[in-house]
Asker: 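Quick one: this structure, given as structure tokens, is what I'll be asking you about.
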Amino acid sequence: MSDNNSTPVTATDFIRNIIREDLASGKHQQIVTRFPPEPNGHLHIGHAKSIHLNFGVAKEFSGKCFMRFDDTNPVKEDEQYVEGILKDVRWLGYDWGKSQTHASDYFEQLYEFAEELIQKGKAYVESLNAEEIREFRGSLTEAGKNSPYRERSVEENLALFRKMREGEYEDGSLVLRAKIDMSSPNINLRDPVLYRIRKVSHQRTADKWCIYPLYDFTHGLSDSLEGVTHSLCTLEFEDHRPLYNWILAEVSAPCLPRQIEFSRLNLRYSVLSKRRLIQLVEEGHVEGWDDPRMLTLSGLRRRGYPASAVRLFCERIGISKSANNIEMNVLEDCAREELDKTAPRAMAVLKPLKVVITNYPENQTEEFEPARHPKNPEMGTRKVPFSREIYIDQDDFREDPPPKYFRLSPGKEVRLRYAYVIRCDEVIYENDKVVELRCTYDKATRSGAKAEGRKVKGIIHWVSTQHAVTTEIRLYDRLFSAPNPGRNDPEGNFINDLNPESVEIISDCKAEPELSTANPEDVFQFERVGYFCVDAKDSRPDALVFNRTVTLRDTWAKLEQEHSGQN
Ligand code: ATP
Ligand code: MG
């Protein structure tokens with residue numbers, strides 16, 4: 001993608017085109033959409049695509065978007081997810097006003113629709129068990145067979161269905177099925193199950209119901225009850241659309257929403273399915289749903305991604321029907337772009353190496369006052385103290401420098417950012433390890449001074465030892481080391497593809513004192529190093545913990561290039 005311009009452009013895609021036509025033709029006066037998560041897990045970046053589309057379209061066309069929980073399966077769902085989902089959608093910047101609903105709000109109406117189908121001879125109570133139903137269903141190449149119970153009378157069906165509701169039958173003994181066509185090439189139309197008996201308490205309706213409607217029956221009717229005009233969903237529901245339309249046509253539905261499918265988001269080096277995310281959490285491969293390596297919205301937030309970066313990403317990937325497998329750096333670049341604009345700068349040394357400036361007075365401290373942001377003067381300045389002893393990064397010193405090495409090496413000079421030019425005079429060893437450098441500074445090279453002195457090529461960052469705050473830094477990387485986790489395993493086991501180096505913890509980093517006032521979730525650009533965010537869970541004012549959000553540049557692209565060069 002070459003368009004790096006982040007000024008908002010009006011998104012155009014086939015769905016928005018349909019909506020524009022429907023408004024222009026007068027088919028609809030107001031656009032109504034919905035975002036319908038099942039509360040059986042937390043939201044991930046794939047859901048963000050759907051949220052951005054559904055809420056985005058509603059906003060753009062002055063319509064309305066329902067925040068609807070699709071809570072028809074009490075066995076797998078949990079209210080604890082509801083709060084998390086609401087928080088994540090709000091964080092992304094969307095507001096549903098009063099339009100928060102649950103499919104379970106409609107259980108009574110759905111039941112009446114089911115009776116209506118029975119009355120019309122369009123649904124029947126099935127006595128075959130689950131396995132028999134499967135056998136009778138046929139396959140892609142083989143037509144299904146009618147159930148011996150298919151021709152039950154309306155009266156018998158009604159009586160049975162009412163007794164199902166009253167709890168007279170055991171789980172699995174009866175189901176309600178639509179009567180459509182057992183030889184349809186579309187298996188979804190081979191008398192799909194609409195209701196089943198589940199004698200379990202529901203998180204919202206408690207023990208009021210012991211029969212629960214299935215997704216296909218519930219979804220379209222909930223859409224209709226809410227006056228949804230465009231029901232936007234992912235492509236795996238394409239084959240369900242004939243059933244969606246059949247149900248709406250056969251009952252007295254208040255309106256006929258149009259289902260339109262788009263392709264789901266896939267991201268290389270990640271897994272995006274709740275089932276897999278749950279496995280990662282439950283088996284302890286990550287610390288939780290909000291582990292900063294997880295591409296859940298809570299994980300991205302904790303990692304330091306601003307919501308605007310996630311929105312920008314959704315904008316960039318767009319909406320279409322074509323299969324996609326987006327490069328991770330598209331997402332990472334969005335974070336870089338947004339954070340470059342907003343993140344205050346700071347200096348932090350990840351692997352400290354002590355430097356003593358031998359000609360600097362012992363008890364002297366001076367302060368430099370660089371801008372917090374090079375392009376946003378309104379963000380003000382910060383105070384960076386300088387003294388005789390400082391830390392630089394071990395990586396910024398080489399005893400035996402390769403050609404064109406512009407950082408520090410014996411006898412060579414480098415500029416300390418915002419401060420002076422220093423020269424390395426002596427290297428102190430302990431057990432063959434470099435533990436300290438002795439340097440001298442040149443007073444005439446003070447940064448910002450009129451005669452800044454001679455030019456040196458390298459500029460490195462540093463912090464004053466006596467003023468530094470010690471922090472823990474967690475260097476996060478991609479959770480998977482394979483572009484398509486599970487692809488090369490016969491069983492699709494993606495666990496083997498976890499990146500063993502997805503996190504490196506460094507416990508005694510040294511940062512400039514300004515950072516001691518940082519608040520949870522604040523993100524900084526550590527100059528020359530990357531973007532880092534104060535961990536919202538583990539950081540304490542006296543024991544700061546930073547998560548690396550993203551590196552300054554895409555290091556994986558380089559790795560992949562080297563890799564493909566080898567093959
Ligand atoms: P998963 O497959 O991750 O378990 P799901 O589709 O079962 O997700 P739901 O809670 O049913 O999860 O999803 C709510 C909405 O988000 C649905 O409309 C679904 O189509 C959409 N959605 C889920 N995953 C993606 C994705 N990867 N890309 C785009 N939309 C998605
Ligand atoms: Mg689903």
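Just so you know, these numbers use all the heavy atoms, side chains as well, and skip hydrogens, waters and symmetry mates. Note that ligands are numbered from 1 as they come in the structure, with each ligand's atoms numbered from 1 the same way. Source: prediction; values computed, not measured.
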Asker: So between P39, S231, S263, G46, whose heavy atom ends up nearest atom 31 (C) of ligand 1?
Answerer: G46

Asker: Using the ring of Y476 (Phe, Tyr or Trp, six-membered ring only), decide whether R303 places NZ or CZ under 6.0 Å from its centre and within 45 degrees of its axis.
Answerer: no

Asker: ring-ring contact (aromatic ring centres under 6.0 Å, His included) with F113: which residues, sequence neighbours excluded?
Answerer: none

Asker: Between K120 and E250, is the closest basic N to carboxylate O distance under 4.0 Å?
Answerer: yes

Asker: Please determine if E236 has a nitrogen or oxygen closer than 3.5 Å to a nitrogen or oxygen of ligand 1.
Answerer: no

Asker: Would F161 and Y195 count as a close aromatic pair, with their ring centres under 6.0 Å?
Answerer: yes

Asker: Between E142 (side chain only) and G138 (backbone N and O only), is there a donor and an acceptor less than 3.5 Å apart?
Answerer: no

Asker: Quick check on H44 - does any of its heavy atoms sit under 4.0 Å from an atom of ligand 1?
Answerer: yes

Asker: Is R34 close to ligand 1, meaning an N/O of one under 3.5 Å from an N/O of the other?
Answerer: no

Asker: Hydrogens and angles aside, do R336 and T551 bring a side-chain donor and acceptor to less than 3.5 Å of each other?
Answerer: yes

Asker: With heavy-atom distances below 4.0 Å as the criterion, list the atoms of ligand 1 near E38.
Answerer: 9 (P), 10 (O)

Asker: Any idea which atoms of ligand 1 are less than 4.0 Å away from a heavy-atom of T234?
Answerer: 19 (C), 20 (O), 29 (C), 30 (N), 31 (C)

Asker: In sequence, state the C-alpha distance, the side-chain angles, and the governing distance for M67 and Y94, and then conclude on side-chain contact (heavy atoms from CB on, under 4.5 Å).
Answerer: CA-CA 10 Å; M67 175 70 232; Y94 294 106; over 6 Å; no

Asker: Evaluate K49 for polar contact with ligand 1, using N/O atom pairs at a separation under 3.5 Å.
Answerer: no

Asker: So, regarding C233 and ligand 1 (criterion: nitrogen or oxygen to nitrogen or oxygen, under 3.5 Å), is there a contact or not?
Answerer: no

Asker: Check each atom of ligand 1 against the heavy atoms of P37 and keep those under 4.0 Å away; list them by number with element.
Answerer: 10 (O), 14 (C)

